[in-house]
Amino acid sequence: MSEGSDRTEVGRKAAGRKAVGRKVLAPVLGIGLLVAGLHLRLNTNVLGEDEVCGGLVPTAAAAAVFPSSGRVSDGKGLDDRPGDRLAFSCTVESSSFLPGSDTGHIRVTGTRERGDFPFTDDGRWPNPATVSYFAGDSTGGVGADHGWVLLPAACTTADGGPAVVEGWAPEGSDPVKLAGLLTDVANAAAERAGCAAGEPLVAPRTLAAAPAPRQPRDGAVCGLAGMTFPGPREGTGAEETVLDAPGPTWACHVAGYATYAVTQEPRVVEGIRSSPGYEAQPAAAGHAMSGFDPYQAVTDCAGTPTYFSMETGPKYHDATGTPGTPRLRPLFDSFVAAAGDRFGCSAPTS
């Protein structure tokens with residue numbers, strides 16, 4: 001066989017091998033593209049909806065809240081109340097077919113609340129001493145995987161309290177991203193209801209960390225000089241959590257005994273004063289008070305409306321009547337006098 005024939009034969013064999021290779025490679029590539037497409041379809045939001053829950057929840061903002069990636073959907077969709085476009089609920093899901101993945105859930109609701117809802121201890125809201133509050137371009141707070149944002153003032157009706165978007169997120173969610181999601185939902189809900197402000201609400205870029213429990217310091221309850229302990233004298237070593245970050249809201253939780261809160265945040269105080277049931281209350285520490293009961297009320301502090309709240313706990317009630325346990329009125333007076341100094345509430349003159 002000539003040299004030319006040898007080269008021709010080698011060329012034929014090489015071409016044959018390439019053809020076989022292409023025949024093998026094509027199905028492999030096809031399978032790879034199919035797997036990639038299934039991954040994008042089942043485990044990400046690529047080519048998915050931009051919004052869920054009737055357009056109230058941006059998919060990208062919800063996906064950012066979930067600790068792990070997945071396909072975002074809205075399960076049964078938006079459940080809203082006829083006659084009030086600000087009353088709704090929806091559960092957002094993040095699902096993935098990756099091994100070991102669980103379905104995550106975020107629940108968002110729209111409700112109308114009594115204006116001091118963040119500070120009442122009904123078991124629904126995060127303890128006010130454990131919340132990272134924000135105010136300014138938007139007003140709200142985020143606790144452990146649970147938060148809220150106020151809608152614009154125009155959304156408040158004459159027969160109800162302020163409109164609120166509330167959300168529950170999976171454990172370990174980023175609080176800043178949860179605040180961002182709830183702010184987006186609040187904007188969309190206000191637009192849908194026709195009560196949006198001139199400028200949209202803007203979510204905070206950072207949040208102060210929630211405080212950790214601590215032992216009382218220097219014998220001062222909640223770090224306030226002169227404040228009476230909410231229980232018998234032997235309980236004064238109870239652990240306390242004090243939210244004392246810069247800003248218009250202060251709070252303290254004395255474990256088992258009481259939770260205190262003070263705020264001068266204008267939107268919150270406005271919502272309190274416009275809620276049904278707001279009326280004159282007994283004076284506290286010499287200050288004229290108005291509110292919902294004697295222990296959740298507003299007074300004037302150097303021209304600034306200031307809300308004081310005191311919620312007593314089971315250990316206080318168990319100790320009621322025992323030596324050293326103060327009664328409610330003197331206890332609240334002590335709180336208003338001590339916390340009032342921090343907020344510019346000068347002692348009234350006789």
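Note that the numbering runs from 1 along the sequence shown for the chain.
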**OP:** Report the C-alpha separation of Q281 and Q296 in whole Å, then their side-chain angles, then the decisive distance to 0.1 Å, and conclude whether the side-chain hydrogen bond (donor to acceptor under 3.5 Å, both in side chains) test is met.
**Re:** CA-CA 9 Å; Q281 299 295 336; Q296 281 88 26; over 6 Å; no
**OP:** Take H317 and T312 through the test side-chain hydrogen bond (donor to acceptor under 3.5 Å, both in side chains) and record every step on the way to the result.
**Re:** CA-CA 7 Å; H317 296 292; T312 49; 2.9 Å; yes
Can a donor-acceptor pair be found, under 3.5 Å and without considering hydrogens, that links the side chain of [X] to the backbone of [Y]?
{"X": "Y133", "Y": "P128", "answer": "yes"}
{"X": "D300", "Y": "T306", "answer": "no"}
{"X": "D79", "Y": "S89", "answer": "no"}
{"X": "E265", "Y": "A135", "answer": "no"}
{"X": "E93", "Y": "H105", "answer": "no"}
{"X": "T320", "Y": "Y316", "answer": "yes"}
{"X": "S334", "Y": "P330", "answer": "no"}
{"X": "T325", "Y": "A319", "answer": "yes"}
{"X": "S138", "Y": "T183", "answer": "no"}

Is any side-chain heavy atom of [X] less than 4.5 Å from a side-chain heavy atom of [Y]?
{"X": "C155", "Y": "L86", "answer": "yes"}
{"X": "M289", "Y": "P282", "answer": "no"}
{"X": "P118", "Y": "W148", "answer": "yes"}
{"X": "V185", "Y": "N187", "answer": "no"}
{"X": "L56", "Y": "V108", "answer": "no"}
{"X": "V164", "Y": "F117", "answer": "yes"}
{"X": "R112", "Y": "D84", "answer": "yes"}
{"X": "D116", "Y": "Y307", "answer": "yes"}

**OP:** Give a yes or no on whether the ring-centroid distance for F332 and Y295 is below 6.0 angstrom.
**Re:** yes
Original post:
Taking the six-membered ring for Trp, is the centroid-to-centroid distance between W250 and F343 below 6.0 Å?
Top reply: no
**OP:** Kindly indicate, with the supporting measurements, whether the criterion side-chain contact (heavy atoms from CB on, under 4.5 Å) is fulfilled by M227 and C222.
**Re:** CA-CA 8 Å; M227 186 162 154; C222 298; 4.3 Å; yes
Looking at [X] and [Y], does any basic side-chain N land under 4.0 Å from a carboxylate oxygen?
{"X": "D80", "Y": "R192", "result": "yes"}
{"X": "E239", "Y": "R214", "result": "no"}
{"X": "R124", "Y": "E113", "result": "yes"}
{"X": "K76", "Y": "D74", "result": "no"}

Do [X] and [Y] sit in the same hydrophobic cluster, where Ile, Leu, Val, Met, Phe, Trp and Tyr count as joined when their side-chain heavy atoms come under 4.5 Å apart?
{"X": "F119", "Y": "V298", "result": "yes"}
{"X": "L201", "Y": "L150", "result": "no"}
{"X": "V268", "Y": "V142", "result": "no"}
{"X": "I106", "Y": "L207", "result": "yes"}

Original post:
Heavy-atom count around E171 CD within 6.0 Å, excluding the residue itself: above 12?
Top reply: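 Open.
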Subject >> Crowding at CZ, R342 (>12 non-hydrogen neighbours, <6.0 Å) >> reply: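 Counting neighbours around CZ of R342, more than 12 heavy atoms of other residues, nucleotides or ligands fall under 6.0 Å, so yes.
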**OP:** Provide the closest heavy-atom pair for L181 versus A62 in the form atom of the first, atom of the second, distance.
**Re:**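 Heavy-atom minimum between the residues: CD1-N, 3.8 Å.
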**OP:** State, to 0.1 Å, how close S275 and G271 come at their nearest heavy-atom pair, and which atoms those are.
**Re:** OG-O, 2.7 Å
Original post:
In terms of side-chain heavy atoms, does H253 have a donor or acceptor partner in T241 at a distance below 3.5 Å?
Top reply: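 No, T241 and H253 have no side-chain donor paired with an acceptor closer than 3.5 Å.
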**OP:** Would you please classify the geometry between the H146 ring and the W168 ring as parallel, tilted or perpendicular, with 30° and 60° separating the classes?
**Re:** parallel
Subject >> Aromatic ring pairing F308/F335, orientation class (parallel under 30°, perpendicular over 60°, tilted between) >> reply: perpendicular
Subject >> Cation over ring face, R81 and F88, 6.0 Å, 45° >> reply: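 Pair R81/F88 does not count as cation-pi.
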